[in-house]
Amino acid sequence: MAGIVRQSKFRHVYCKPVKHEHCMSDIKVTEITWDSLFCAVNPKFIAFIHKGSGGGPFLVIPVNKIGRIDKDHPFVDAHKAPCLEIAWSPFNDNVIASCSEDTTAKVWLIPEGGLRRNITDPVVELVGHQKRVNTIAWHPVANNLLLTAGGENVMYMWNVGTGEALLEIAGHPDQIWSIAFNYDGSQFITCCKDKKLRIFNAHNGEMVQEGMGHEGVKPQRAIFMRDGRVVTTGFTKRSERLYALRTQENLSTPIIQEELDTSNGVLFPFYDEDTGLVYLVGKGDCAIRYYEVNDDPPFMHYINTYTTSEPQRAAGFQSKRGISSEENELHRIYKLTTKGVVDILQFFCPRKSDLFQHDLYPDTRSLAPALSAEEFMDGKDAEPCRQPVNAAAAAAASKPKVQVVKKANILNSLVPTQAAEPPPQSYKEQTSPQPAKTTPSPRPASQKKLVVDDDMGIVTASSSPSPRRPASSVEPPKEEVNPMVPKSQVKLRSRAEHDDGGAPSAGQRRAAAELERIRRDQARLPDDDDRAAAAASRASTRASDRPTSQASSRTSRVLGVDMPSDAPVMLSDSGPGSMEELVSDLQKMKMILRQHERRIRLLEDQLADMAMAYTHNF
């Protein structure tokens, strides 16, 4: 499905070349026109077919050497004719085989530490082909078995330990371009100039499968995957390069096939059986493409392309024993440019952890052969022997875990923190205690109500009986919540709803106490009858005693009080006997009125707050 990213741990593999000052340079590779890699590498040495006059020498250099290679560097004087291909033994890093146009294949033993002088004498010389030896391949499981293909279209299986040919394999009508063994070495596949792919039994040389390869007339290559499938590279009729994935049962019909570009260079596939990655290296190209092969369609997934400005003249693929697993390096390719510089291309899989990544590095092939040459020729098959990529990390992973001594500390005795109560959600919850949620009980017989005092205009609390609800009465249905009304909408209630509420709040109780206090103070003041009697007495007194009235007016002016003629005056039961008593009574009345005014303002503020709280349902 388009738009879905494929899940793979190798999807972000990238290439990082080593700087040129840490590489080898000034290497002159052969100039013969032969479709070969001209390079072979192992964890100890790297070999290049060297440019020479009158023969086929090749250089063997320690793989960690840096800088320019001296022109007088020792070499292996291998053949009398140009050397066509070289290959290191999979079980001994000091043994290398070579083949040449002089119809021979030879096996050489490289001294430990590299060459100190030219070598001219091979360990064994394999003579049997009538024409040039085109290609060679070591057996991946059995020791000392070497397969060679000659120009007379015949292949030989050699025991290099004794130098004898164990098996002669015919059946190709034309030149053999490449040979490659499968995972356990029981079969091998060949590419022929007649455009056909053939699979042979390695024990007896019988052909097992045959099918058509690519349509182009230029050389093609084929290698086995670990699961038995075959990857081929070649050309179309229009000289377009392409690759294909095939099955052994039907070699003629590829599972997938994709065209890459138009070029004359042969595509050489490098395959890592541990990760399933395939690298396509074209001779004379500036790019290296790499893919992941698995069981998910389209089975061969493109990852990326590494491109440089210098074309490759030769290339070698390092084994897993020669890479740096501490840096998450997956593969390493040595590329010789036309300028004679050996570029070291390291392919990494990015990981955040610095620990050894076991999923990236399963066990790889070891130097120990699983079979001998005799056992294999007797018909035995065996899986290759394997070893960990990083022995130290594998040993550390296999050790039992360290037992930590348990020692209790203060954290073991701490009590878990109790969950805090949620904060109140409204003003009413903040000002009044929250009653516990229990089973509803019947209302009491009497309930306080708020009554308006007509004289004072103040709401007071009074007790009035309320009818008891019968037990058999059905509770009214709860009000359904209207989903169209937002929760934050203010719901106004009438005074009757407030009066029929529950128990009075703390503010209401304080207001009631203040009203009681005002009533007690009012009880001390004279009523209407007392005021009438006082007015009559004052009228008679004013008519008989004018100076006293004038003194009273002066007293009122002195006190700053403008009292009307009918204003009530607090008098004693017998009335004021003198001017001093009248002034004293007036001061007392003034003080009482001021106190009442202050209390009335306080009560009005409290009642306003209560009305606001009930109105907005705080």
Side-chain angles (χ1 to χ4, degrees), residues 2 6 8 10-15 17 33-39 177-178 180 189-193 195-197 211-225 229-247 250-273 275-317 330-331 333-338 343 345 347:
R6 184 178 64 91
S8 173
F10 304 115
R11 192 162 55 90
H12 299 290
V13 173
Y14 66 97
C15 178
T33 57
W34 184 253
D35 294 314
S36 174
L37 289 172
F38 299 153
C39 177
W177 277 326
S178 70
I189 187 170
T190 64
C191 295
C192 185
K193 195 174 181 179
K195 306 177 186 179
K196 287 188 178 181
L197 304 174
M212 286 298 299
H214 298 289
E215 298 177 349
V217 296
K218 295 182 180 180
Q220 52 185 310
R221 314 283 295 189
I223 58 173
F224 271 109
M225 300 289 102
R229 291 179 293 181
V230 178
V231 172
T232 61
T233 61
F235 296 82
T236 64
K237 292 181 178 180
R238 301 181 300 274
S239 296
E240 294 176 345
R241 296 191 299 186
L242 74 165
Y243 69 87
L245 181 66
R246 309 170 187 266
T247 59
N250 190 0
L251 292 175
S252 300
T253 304
I255 302 174
I256 60 166
Q257 182 171 293
E258 183 177 354
E259 296 181 2
L260 298 177
D261 54 13
T262 301
S263 178
N264 294 326
V266 178
L267 283 174
F268 292 87
F270 292 149
Y271 173 62
D272 178 25
E273 59 190 18
T275 59
L277 297 185
V278 175
Y279 296 82
L280 300 183
V281 180
K283 204 166 179 187
D285 289 356
C286 299
I288 297 177
R289 302 173 179 86
Y290 45 102
Y291 302 79
E292 180 184 0
V293 180
N294 55 23
D295 296 331
D296 300 329
F299 308 108
M300 198 163 176
H301 307 275
Y302 172 77
I303 299 177
N304 206 345
T305 300
Y306 173 72
T307 306
T308 60
S309 58
E310 293 293 331
Q312 48 248 19
R313 188 75 178 86
F317 191 68
L330 292 179
H331 307 104
I333 295 177
Y334 291 81
K335 163 188 167 181
L336 179 63
T337 67
T338 55
D343 287 339
L345 308 180
F347 292 85

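Sequence positions, counted from 1, serve as the residue numbers for this chain.
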- Item | Full working for side chain to side chain contact (heavy atoms under 4.5 Å, CB included) between Leu267 and Leu260 | CA-CA 10 Å; Leu267 283 174; Leu260 298 177; 3.6 Å; yes
- Check against side chain to side chain contact (heavy atoms under 4.5 Å, CB included), Asp272 and Leu330: CA-CA 9 Å; Asp272 178 25; Leu330 292 179; over 6 Å; no
- Task: Take Tyr279 and Phe347, measure what ring pair (Phe, Tyr, Trp, His ring centres under 6.0 Å) needs, and give me the verdict at the end.
- Result: CA-CA 11 Å; Tyr279 296 82; Phe347 292 85; 4.8 Å; yes
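In this structure, the separation between NZ on Lys335 and OG1 on Thr308 is 2.5 Å, given to the nearest 0.5 Å. The OG atom of Ser8 sits 9.0 Å away from atom CG of Asp296, with the distance rounded to the nearest 0.5 Å. Rounded to the nearest 0.5 angstrom, Glu240 CD and Thr262 OG1 are separated by 4.5 Å. We find the CD1-CG distance between Ile303 and Leu277 to be 5.0 Å, quoted to the nearest 0.5 Å. The distance from atom OG of Ser252 to atom CZ of Arg246, rounded to the nearest 0.5 Å, is 7.5 Å. Put simply, CG on Asp285 and OG1 on Thr307 are 9.5 Å apart, with the number rounded to the nearest 0.5 Å.
The minimum heavy-atom distance between Phe235 and Ser263, with the atom names listed, is CE2-O, 3.2 Å. Residues Ala314 and Phe38 share a closest heavy-atom pair of CB-CB, 4.0 Å. A pairwise comparison of heavy atoms in Cys286 and Glu310 identifies SG-C, 3.8 Å as the closest pair. What you find for Gln312 and Ala287 is that their closest heavy atoms are NE2-O, 3.4 Å. The minimum heavy-atom distance between Ile256 and Pro298, with the atom names listed, is CD1-O, 3.2 Å.
The six-membered or imidazole ring of Tyr291 lies near that of Tyr243, with a centre-to-centre distance under 6.0 Å.
Side-chain atoms of Asn294 and Arg6, non-hydrogen and from C-beta on, do get closer than 4.5 Å to each other. The shortest distance between side-chain heavy atoms of Phe299 and Arg229 falls below 4.5 Å. Side-chain contact between Cys191 and Leu197 is present, with heavy atoms from C-beta onward closer than 4.5 Å. Leu37 has its side chain within reach of Phe270: a pair of non-hydrogen atoms, C-beta onward, lies under 4.5 Å apart. Contact of the Leu245 side chain with the Val231 side chain is registered, since non-hydrogen atoms from C-beta on lie closer than 4.5 Å. Between Lys283 and Arg313, the closest side-chain pair of non-hydrogen atoms falls below 4.5 Å. Two residues are said to be in side-chain contact when any heavy atoms from C-beta on lie closer than 4.5 Å; Pro269 and Thr233 meet this criterion. Residues Met300 and Ile255 have side chains not in contact (no heavy-atom distance under 4.5 Å, counting atoms from C-beta outward).
Remark: the backbone N or O of Arg11 is not paired with any side-chain donor or acceptor of His301 at under 3.5 angstrom.
Counting only residues at least two apart or in different chains, salt bridge (Lys or Arg N to Asp or Glu O under 4.0 Å) contacts with residues 259-271 comprise Arg238-Glu259, Arg241-Asp261, Asp261-Arg289.
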Name every donor-acceptor pair, under 3.5 Å, that has one atom in a side chain of residues 218-225 and the other anywhere in the protein, sequence neighbours excluded.
unit_1, atom_1, unit_2, atom_2, d
Lys218, NZ, Asn264, OD1, 2.6
Gln220, OE1, His214, N, 3.2

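No option in Lys237, Lys193, Lys195 other than Lys195 meets the side-chain contact (heavy atoms from CB on, under 4.5 Å) test with Val217. Each of Val13, Val278, Leu280 was scored for a side-chain contact (heavy atoms from CB on, under 4.5 Å) with Tyr290, with one residue passing: Val13.
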